[in-house]
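We count ligands from 1, going down the list as the structure has it; atoms in each ligand are counted the same way. Positions are given from 1 along the sequence.
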Amino acid sequence: MSDKFRAILVSRDEDKKQSVDIVQLGISDLMDGDVTIKVEATTVNYKDGLAITGKSPVIRHWPMVPGIDLVGSVVDSQSDEFSAGDKVLLNGFGVGEAHWGGYAGMARLKSDWLIKLPSGISPLQAMSVGTAGYTSMLCVMALERYGITPDHGPVIVTGANGGVGSIAIAILSRLGYHVIASTGRASEAEFLKSLGAAEIIDRNELSEPGRPMGKERWAAGVDAVGSHTLANVLAQTRYGGAVAACGLAQGFDLPATVMPFILRGVALLGVDSVMAAKQLRSEAWQRIEKDLDMAKLEKITTKIGFEDIVSTATDIIDGKIKGRVVVDMTNS
Ligand code: NDP
């Protein structure tokens with residue numbers, strides 16, 4: 001095996017102008033870590049799109065190999081937890097932002113960040129789930145911890161055609177929830193129904209400034225959108241319900257009032273995937289193995305190669321991507 005591999009390197013010049021290049025690297029170029037991995041699969045998340053396009057300042061170390069998710073086989077390990085040949089999975093922990101990530105043939109990472117790939121999930125399936133799907137599962141687990149069950153009533157999922165939204169729909173419907181999908185792409189209604197959505201609403205119903213409280217329409221929510229959408233979701237949540245908030249596709253503001261909290265006892269549950277504890281992430285991946293229909297996952301997944309990553313990153317920022325994208329890295 002050649003020591004050289006391809007990587008996408010994002011750099012910036014003295015004027016902070018960003019450029020993206022495909023370069024050849026060697027193992028000795030990699031950043032520090034106790035586990036060296038041959039990358040087999042990665043994916044393109046919204047955050048990877050931000051890193052490659054430079055639309056938001058997610059990169060904290062220059063130059064950077066983006067890619068916040070990866071699966072690979074261990075080629076060398078200084079950790080007792082992992083041995084050569086193990087299939088490992090990485091989501092987040094600042095990889096692709098502050099530490100070189102998945103858009104390279106090889107990666108060197110800290111063992112604390114890694115978990116073993118569950119045996120029932122292939123590398124490409126895991127990347128089809130990716131941080132988006134793992135975050136969906138964290139949202140569902142947050143609602144469950146709060147005590148929400150299917151008999152409480154419908155659950156709204158915002159950003160329904162996105163990665164987080166589409167996998168949340170598949171998981172929630174499999175668990176028996178009545179899922180209301182909120183989307184700006186009405187043309188994708190049949191697709192959302194095939195994932196398990198029982199009802200579709202137009203996201204315009206939620207994206208404008210609304211009243212402090214509205215009709216009680218759902219018992220819970222998974223919100224990937226933030227801003228007015230989250231405020232309106234909260235304002236229309238039933239008494240005692242809860243909303244798991246994980247995203248900011250509309251905006252990071254939250255122009256809401258306290259009324260749903262103090263008059264209806266509604267709870268707002270924050271969900272972070274990046275720094276989630278190892279035990280929580282392992283549990284989330286075990287639940288994904290059990291509660292996500294992989295046939296549905298396949299329907300929402302597009303497979304691309306290493307050379308398509310940069311254009312796909314632009315498309316995700318332009319809102320042109322439906323569902324999940326996986327990158328087969330076996331030829332990088
Ligand atoms: P995607 O780009 O795949 O999906 C976002 C979806 O949001 C779009 O498909 C669209 O859905 C909807 N949307 C986009 N723009 C707007 C807008 N202006 N107003 C209302 N809705 C909009 O992203 P992901 O699903 O991967 O991620 C969703 C969000 O979650 C992102 O903000 C991401 O940064 C965040 N995230 C957070 C994590 C965490 O740890 N907390 C982890 C992973 C993601 P439709 O076309 O159906 O309307």
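- Hydrophobic clustering (side-chain heavy atoms under 4.5 Å, transitive across Ile, Leu, Val, Met, Phe, Trp, Tyr) groups L30 together with I37.
- Annotation: atom 29 (C) of ligand 1 to nearest protein heavy atom, A224 O, 3.3 Å.
- Looking at M141 and L280, their side chains come closer than 4.5 Å, going by heavy atoms from C-beta outward.
- Close N/O approach between N45 and ligand 1 is not found [any backbone or side-chain N/O within under 3.5 Å].
- Remark: the S166 side chain and the R324 side chain contain no N/O donor-acceptor pair separated by less than 3.5 Å.
- Looking only at heavy atoms of the protein, atom 42 (C) of ligand 1 is closest to T135 OG1, 3.1 Å.
- Closest to atom 36 (N) of ligand 1 among all protein heavy atoms lies C246 O, 3.6 Å.
- Residue-ligand proximity, G247 to ligand 1, at heavy-atom distances under 4.0 Å covers atoms 29 (C), 30 (O), 32 (O), 35 (C).
- Counting the atoms of ligand 1 from 1 in the order shown, those under 4.0 Å from a heavy atom of G159 are 6 (C), 7 (O), 11 (O), 12 (C), 47 (O).
- Ligand 1 has an N or O atom lying under 3.5 Å from an N or O atom of G163, backbone or side chain.
- Among protein heavy atoms, the minimum distance from atom 4 (O) of ligand 1 is reached at G162 CA, 3.2 Å.
- Using modelled atom types, one finds a donor on one side chain and an acceptor on the other under 3.5 Å when comparing D223 with T158.
- Side chain to side chain, T183 and N161 meet the donor-acceptor criterion of an N or O pair below 3.5 Å.
- No side-chain heavy atom of H152 sits less than 4.5 Å from a side-chain heavy atom of Y177.
- With 3.5 Å as the limit, one finds no donor-acceptor pair spanning the side chains of E40 and T330.
- Nearest-heavy-atom check against atom 17 (C) of ligand 1 across R324, K322, Q250 picks out Q250.
- Looking at S111 and D34, their side chains do bring a donor and an acceptor atom within 3.5 Å of each other.
- Only the side chain of V225 comes within 4.0 Å of ligand 1, counting heavy atoms alone; its backbone N, CA, C and O stay farther away.
- Of the heavy atoms in L248, both backbone and side-chain atoms come closer than 4.0 Å to ligand 1.
- Contacts of R203 with ligand 1, taken as heavy-atom pairs under 4.0 Å, involve the side chain alone.
- Residue T183 has at least one nitrogen or oxygen atom sitting less than 3.5 Å from a nitrogen or oxygen atom of ligand 1, judged on distance alone.
- By the 30° and 60° cut-offs, the orientation of the rings of W113 relative to H99 is perpendicular.
- Around atom 46 (O) of ligand 1, the closest heavy atom drawn from H228, R185, K320 belongs to R185.
- At a cut-off of 3.5 Å, with distance as the only test, no side-chain donor of D29 or W100 sits close to an acceptor on the other residue.
- On a distance-only criterion, A132 and ligand 1 share no N/O pair closer than 3.5 Å.
- For atom 44 (C) of ligand 1, the closest non-hydrogen atom of the protein is V164 CG2, 4.0 Å.
- For the residue pair D48 / Y103, a side-chain donor-acceptor distance below 3.5 Å is found, with atom types taken as modelled.
- Judged by the 6.0 Å distance and 45° axis criteria, K299 is not positioned over the aromatic ring of F191.
- Of the N or O atoms in G165, none lie within a sub-3.5 Å distance of an N or O in ligand 1.
- Regarding atom 23 (O) of ligand 1, its nearest protein heavy-atom neighbour is Y46 CB, 3.8 Å.
- Residue I321 places every heavy atom at 4.0 Å or more from ligand 1.
- Within ligand 1, the atoms closer than 4.0 Å to a non-hydrogen atom of S273 are 39 (C), 40 (O), 42 (C), numbered from 1 in the order shown.
- Under the 3.5 Å distance criterion, with hydrogens and angles disregarded, a donor-acceptor pair is assigned to the side chains of E199 and H178.
- Not one N or O of I316 is nearer than 3.5 Å to an N or O of ligand 1, by distance alone.
- The protein heavy atom nearest to atom 5 (C) of ligand 1 is A249 CB, 4.0 Å.
- The closest approach between G319 and ligand 1 stays at or above 4.0 Å for every heavy atom of the residue.
- Checking I169, L292, D293 one by one against R174, the side chain to side chain contact (heavy atoms under 4.5 Å, CB included) holds for a single residue, D293.
- For a threshold of 3.5 Å applied to N or O pairs, the pair formed by T131 and ligand 1 contains no separation below that value.
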